[in-house]
2 protein chains.
Amino acid sequence: MSPRVVDEETLKAREQVILDAALDYIRENDIASLTVDKVVARVPFSKGTVYNHFCSKEDIVTGLCNSCVSSLHALFQSATRFDGNVREKMIAICIAYMMSAKADTTRFMLVITAKTSALNQKASEERLNEHIRLEQQLMHLFCSLIQKAIEDKDLVIPVHMSPPQVAFAIWSMSFGIIALLQDGLERCDLRRLMEVERELVSHCNLVMDGLGWLPLSQDFDWQPCIDASKERVSGLV
Amino acid sequence: MSPRVVDEETLKAREQVILDAALDYIRENDIASLTVDKVVARVPFSKGTVYNHFCSKEDIVTGLCNSCVSSLHALFQSATRFDGNVREKMIAICIAYMMSAKADTTRFMLVITAKTSALNQKASEERLNEHIRLEQQLMHLFCSLIQKAIEDKDLVIPVHMSPPQVAFAIWSMSFGIIALLQDGLERCDLRRLMEVERELVSHCNLVMDGLGWLPLSQDFDWQPCIDASKERVSGLV
DNA sequence: ACCTGAACACCGTTCAAGT
DNA sequence: ACCTGAACACCGTTCAAGT
């Protein structure tokens, strides 16, 4: 432990000020045109200090991504408290996912950005490890739900699949839908025909029906769960 | 039509030389460090000429993406000629997708890159329209297959879904798996547990089982189709 | 009509000087 | 011990001059 004049809390707070400034800029403009100078201009201290906290521009963006994944985890955790069967809880998570995406497109897209190699190559080791930790946390939440479904006798996973694989099936599918529908380009036929909300719920049901996860989509009225989740999340985000 | 001293073919060839140089650089290094100067250094003409062909660095990368999507379409088209039921043809496409990804990670990741807003914002209108056209072409190929499955009485799509939605379900799922497993970071638990090949086939089957697409995964031996497709594609890519 | 590359504006990163 | 911002190296893009 090295001696510090500036205490940990001030440091942590300043880091947040930098992240907030970067997020504000991206909201008002776009991520492509973000520069360190533009962050510095919105912050009450100098370039050198910003570089004391973040080793590169990409490190700042990765920091933002981590904050988004962390929020997502909190949101998903609260979704699992939906009072119903496990399949409903999973739907509740999907709804939370799409609601948060609708409420804040900027932060939603940031999570996708974290996956691009350009960022991975320039972010600090420390920040990348944090990203991995947060990713595992999210994965663990999914796996716990799947474990519970198995215990409740709602789900028998195929012999060739493990719980993480089932979790990954639902996660990657959601991620894919959002990645492909991320930009609101109206010129594109695909994006005119598809609607994130509808596709997300529908594909989530397809995968769970494919797994034979009870109750099957046609044997249950999911609308109350969907409506309640939308209601609940709209108060949170 | 404006009069030209340099004919169309020379122009087209030179465009390809620029794209090849950029791809070579990315292969040898990485996309994050690509600069126009580095492309110019690998090409027998000047910066100004490069800018005569591409309006920005991002335009060059989008050009590369388009070339990748175009190759993918050709590959998928050849996969649909697999001699079997439509569900097998769909599996054959998935196999072709994963094989091409394994054979050339660089080009595969480029397709994902095209979806990031940083590129969309700086590429030329012309190049983006081309991207949309190629995307539609790919979508159309999927939709034709689904139509054929319906005609063959193998598939009855749910009343709340359209053929493009079913096509999008399979496409976005594949895309999501590849996006999340794209970088070979061994540090990450998720990527240690998952294997693109296995997940892609397995999730593809989950979605199609969920749709009740005949024959269901447990009622048929898919291995011959998988093996034959791998064999066939390995000769192509 | 087309190509060239010097020139310009801007960006990420560093580090000597200051407090 | 920490902060500052001038300085540096580099990058994307343009455009006057040349052929």
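Below, read A as the first sequence line, B as the second, and so on, with proteins coming before strands; counting in each chain starts at 1.
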K.L.:
Check the interface with nucleotides 9-12 of chain C: list each N/O to N/O pair with the protein under 3.5 Å, or write none.
P.N.:
residue: dG12(C); atom: OP2; partner: Val36(A); partner atom: N; Å: 2.8

K.L.:
Looking only at the side chains, is there a donor atom on one of Asp20(A) and Gln16(A) sitting less than 3.5 Å from an acceptor on the other?
P.N.:
yes

K.L.:
Any donor-acceptor pair under 3.5 Å linking the side-chain atoms of Ser33(B) with those of Tyr25(B)?
P.N.:
yes

K.L.:
Give a yes/no on whether any side-chain N or O of Arg14(B) is located under 4.0 angstrom from OP1 or OP2 of dC2(C).
P.N.:
no

K.L.:
Leu23(A): which residues meet the side chain to side chain contact (heavy atoms under 4.5 Å, CB included) condition with it, sequence neighbours left out?
P.N.:
Arg27(A), Leu64(A), Thr106(A), Arg107(A), Leu110(A)

K.L.:
With Arg14(B) as the cation and Phe45(B) as the aromatic partner, state whether NZ or CZ is under 6.0 Å from the six-membered ring centre and within 45° of the axis.
P.N.:
yes

K.L.:
I need the single residue from Val233(A), Leu75(A), Ile95(A) that forms a side-chain contact (heavy atoms from CB on, under 4.5 Å) with Ser100(A). Which is it?
P.N.:
Leu75(A)

K.L.:
Out of the candidates Trp171(A), Phe76(A), Phe142(A), only one should pair with Tyr97(A) under the ring pair (Phe, Tyr, Trp, His ring centres under 6.0 Å) rule; please name it.
P.N.:
Phe76(A)

K.L.:
Do the side chains of Glu28(B) and Lys38(B) get close enough for a salt bridge, i.e. N-O under 4.0 angstrom?
P.N.:
no

K.L.:
In dot-bracket notation, what is the pairing pattern of DNA chain C, taking Watson-Crick (N1-N3 plus N6-O4 or O6-N4) and G-U wobble (N1-O2 and O6-N3) contacts under 3.5 Å, with [ ] crossing and | for other strands?
P.N.:
||.|||||...|||||.||

K.L.:
Look at the side-chain N and O atoms of Asn52(B) and state whether any lies under 4.0 Å from the OP1 or OP2 oxygen of dC2(C).
P.N.:
no

K.L.:
With sequence neighbours excluded, tell me which residues meet side chain to side chain contact (heavy atoms under 4.5 Å, CB included) with His140(A).
P.N.:
Ser144(A)

K.L.:
Going by number, which of residues 17-26 of chain B have a non-hydrogen atom under 4.0 Å from DNA chain D?
P.N.:
none

K.L.:
Compare side-chain N and O positions of Thr49(A) against OP1 and OP2 of dT4(D) and report whether any pair is under 4.0 Å apart.
P.N.:
yes

K.L.:
State which residues pass side chain to side chain contact (heavy atoms under 4.5 Å, CB included) with Val69(B); sequence neighbours excluded, sorted by chain then number.
P.N.:
Val111(B), His131(B), Leu134(B), Leu138(B)

K.L.:
Please report the C-alpha distance between Arg133(B) and Glu130(B) in whole Å, then the side-chain angles of each, then the deciding distance to 0.1 Å, and finally whether the salt bridge (charged side-chain N to carboxylate O under 4.0 Å, His left out) criterion is met.
P.N.:
CA-CA 5 Å; Arg133(B) 195 185 63 77; Glu130(B) 172 76 355; 3.2 Å; yes

